[in-house]
Amino acid sequence: MRKLSALLGLVLVAVLGLAAPASAVTVAKTVSGAGAAGSSASTKTLVLYDYTGEYAWLGEDYGMMATNLVSHFGAWTAHPVGSYTTGELAKYSAVVYVGSTYDEPIPTAFLDDVLATTKPVVWLYDNIWQLTARSSDFATKYGYTWKGFDVSTVAEVDYKGTALTRDTRNLAGIMDYAVYDSAKAVSVADAVRADGTKFPWGIKSGNLTYIGEIPFSYITSNDRYLAFSDLLYDALAPKTAERHRALVRIEDVGPDADPAELRAVADYLSSKKIPFTVAVYSRYRDPKGVNNNGKAEDYTLRQRPLVVSALKYMQSKGGTLLMHGYTHQLDALNNPYDGVSANDFEFFLAHVDANDAVIYDGPVKNDSALNVTARVTASRADWMMAGLTQPTIFEPPHYAASALDYKTINTLFGTRYDRGLYFPGVLSGTAVDNSVSHMVGQFFPYTVRDVYGSTVIPENIGNIEPEPFNQHPAVLPADLIANAKANLAVRDGVASFFYHPYLGTSYLQQTVDGIQGLGYTFVSAAAMTTVA
């Protein structure tokens with residue numbers, strides 16, 4: 001049983017700073033969404049993104065990622081920057097502009113409103129030169145101006161005393177600056193070059209916060225993405241108090257689980273007074289007999305009463321059960337491994353290539369709302385026949401599904417506990433682009449309501465993998481603890497991980513002790529979906 005979360009939450013492309021060639025543009029809609037559970041009813045953010053040329057899809061991807069994050073604070077509206085109208089900013093608490101395309105045509109109405117407003121403005125990466133050119137006294141007013149992109153190797157960003165990582169494959173550069181008045185222009189974080197020298201990763205002056213790169217590319221659990229996630233508090237919830245919560249989810253529990261292992265995990269977590277979640281798939285399938293000497297196996301929870309008893313025991317010890325797909329595999333396909341439950345994808349296609357890397361292929365052949373609904377309905381029937389309370393939270397197997405699947409899951413549950421995949425077309429309200437080369441994955445350091453409309457309970461620091469697999473290194477408790485330490489940079493963030501019960505309890509104890517030692521308090525999944 002292997003979880004592929006290491007593959008998700010990464011934008012493995014960085015097509016930045018490239019001029020957009022002239023091409024036909026699909027007209028994007030203005031789309032709005034509600035804030036996450038517990039967010040402010042009065043906070044509303046305008047998210048603007050680049051949407052011209054052949055990299056319009058990338059602009060929308062980054063716009064989605066920004067939109068997902070700002071939903072933590074309240075409602076949002078998003079559309080391309082090119083359709084901005086005079087005075088629009090005044091309707092919102094703040095604006096976030098994601099500049100991903102070099103020299104994207106920006107309406108002067110937006111530039112003038114940014115220069116005139118007293119509301120928080122967060123500007124990412126490109127086209128800051130259009131703003132400075134529109135102002136006759138930008139350097140005097142803000143105390144700095146841009147110099148040009150520094151393309152030095154930067155593997156670290158220092159934010160408020162925390163050293164965050166930055167993937168050195170990201171060669172797009174970070175804006176450098178000429179600072180004239182350090183009392184006005186304050187560095188929000190420092191980019192650290194390979195030789196140890198530093199320059200501002202971003203600058204805050206008055207109500208304008210400028211970040212010198214796109215913080216959504218190549219993101220990992222201890223990445224400078226966390227700095228941006230925290231900086232949003234300054235713009236949208238500056239009075240937020242410091243708080244650090246942790247979550248643990250017991251993963252890939254099906255009818256084939258070992259009841260003794262489940263009870264041992266429950267006993268340990270209960271002894272520490274730690275609430276937890278259990279991800280359950282209701283039907284075990286091994287259509288090729290991989291684990292049974294070539295003889296196929298297929299059975300449900302009702303046929304394994306000792307497992308059901310152990311699940312009820314886990315509930316009695318503070319566990320909440322969620323639905324982790326139906327079979328956690330797909331028909332008799334190697335998707336990507338062997339067709340065995342908990343090993344394979346259920347709602348997305350994948351294969352392992354010659355370099356032993358898992359490659360995403362796209363939606364399943366019969367991808368539809370009917371397919372998702374049928375599988376959820378079958379699973380619900382299994383839960384009912386096993387005498388288990390119907391779950392209210394869903395986790396797609398291996399965190400992978402199509403945009404259509406995510407939207408359908410939202411109608412069936414409303415709450416997910418995962419990292420999501422996001423596709424161009426969802427935010428712009430146009431035809432969804434399901435190509436895997438254009439999709440992005442994102443994790444969250446706090447609860448959001450994503451562009452599919454679902455409340456997303458975060459999982460953001462990974463899981464224990466004692467042995468390397470598919471070009472991914474082993475991950476041990478010290479690694480998760482280090483990720484949790486980096487996430488302390490988010491003032492009201494979480495450290496959320498998952499754990500396979502077949503690993504025993506030793507690794508679990510080490511991880512829990514280390515996270516608690518950092519000052520985190522473990523809470524239930526329900527605590528992340530209610531008003532604080």
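Residue numbers run from 1 in the order of the sequence given. Bear in mind that the values here come from a model prediction, so they are computed numbers and not experimental data.
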Charged tip of Arg249 within 45° of Tyr417 ring normal and under 6.0 Å
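Judged by the rule, Arg249 and Tyr417 form a cation-pi pair.
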Side chains of [X] and [Y] in contact at under 4.5 Å (non-hydrogen atoms):
X      : Y      : result
Thr277 : Val248 : no
Asn463 : Glu251 : no
Leu322 : Val278 : no
Leu262 : Val253 : yes
Phe347 : Pro363 : no

Measure from the ring center of [X] to the ring center of [Y] and say whether it is less than 6.0 Å.
X      : Y      : result
Tyr233 : Tyr446 : yes
Phe216 : Phe228 : yes
Phe443 : Tyr225 : yes
Tyr210 : Tyr125 : no
Phe276 : Phe522 : no

Verify, without hydrogens or angle tests, whether Gln442 (side chain) and Gly420 (backbone) share a donor-acceptor contact under 3.5 angstrom.
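Answer holds: no.
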For the residue pair Tyr97 / Asn127, report whether a side-chain donor-acceptor contact shorter than 3.5 Å exists.
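Per modelled atom types, Asn127 and Tyr97 side chains form a pair under 3.5 Å.
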Can you find a side-chain donor-acceptor pair between Asp338 and Asn343 that sits under 3.5 Å?
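Side-chain D/A pair, Asp338 to Asn343: present.
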More than 12 heavy atoms from other groups under 6.0 Å of NZ on Lys485:
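It does not: Lys485 NZ has 12 such atoms or fewer within range.
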Between the side chains of Asp167 and Arg224, is the shortest nitrogen-to-carboxylate-oxygen separation below 4.0 Å, so that they form an ion pair?
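Looking at Arg224 and Asp167, the cut-off is not met.
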Under-4.0 Å salt bridge between Glu156 and Arg166:
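A salt bridge is absent here (no side-chain N lies under 4.0 Å from a carboxylate O).
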With Phe394 as reference, evaluate Val376, Asp418, Asn410, Thr415 under the side-chain contact (heavy atoms from CB on, under 4.5 Å) test and give the passing residue.
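Exactly one option meets the side-chain contact (heavy atoms from CB on, under 4.5 Å) with Phe394, and it is Val376.
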Taking all atoms of both residues into account, what is the closest heavy-atom pair of Phe413 and Met323, and its distance?
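The answer is CZ-SD, 3.7 Å.
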Tell me the closest heavy-atom pair linking Phe423 and Ala403, and the distance in Å.
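Between these two residues, the closest heavy atoms are CE1-N, 3.6 Å.
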Among Asp382, Asp256, Thr327, Asp252, the one residue meeting side chain to side chain donor-acceptor pair (under 3.5 Å) with Tyr281:
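It is Asp256; the other options fail the test.
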Is there a side-chain contact (heavy atoms from CB on, under 4.5 Å) between His324 and Val280? Walk through the geometry before answering.
CA-CA 5 Å; His324 191 25; Val280 180; 5.6 Å; no
Let me see the working for Arg375 and Glu346 under salt bridge (Lys or Arg N to Asp or Glu O under 4.0 Å), right down to the final yes or no.
CA-CA 10 Å; Arg375 298 184 80 89; Glu346 184 171 350; 2.6 Å; yes
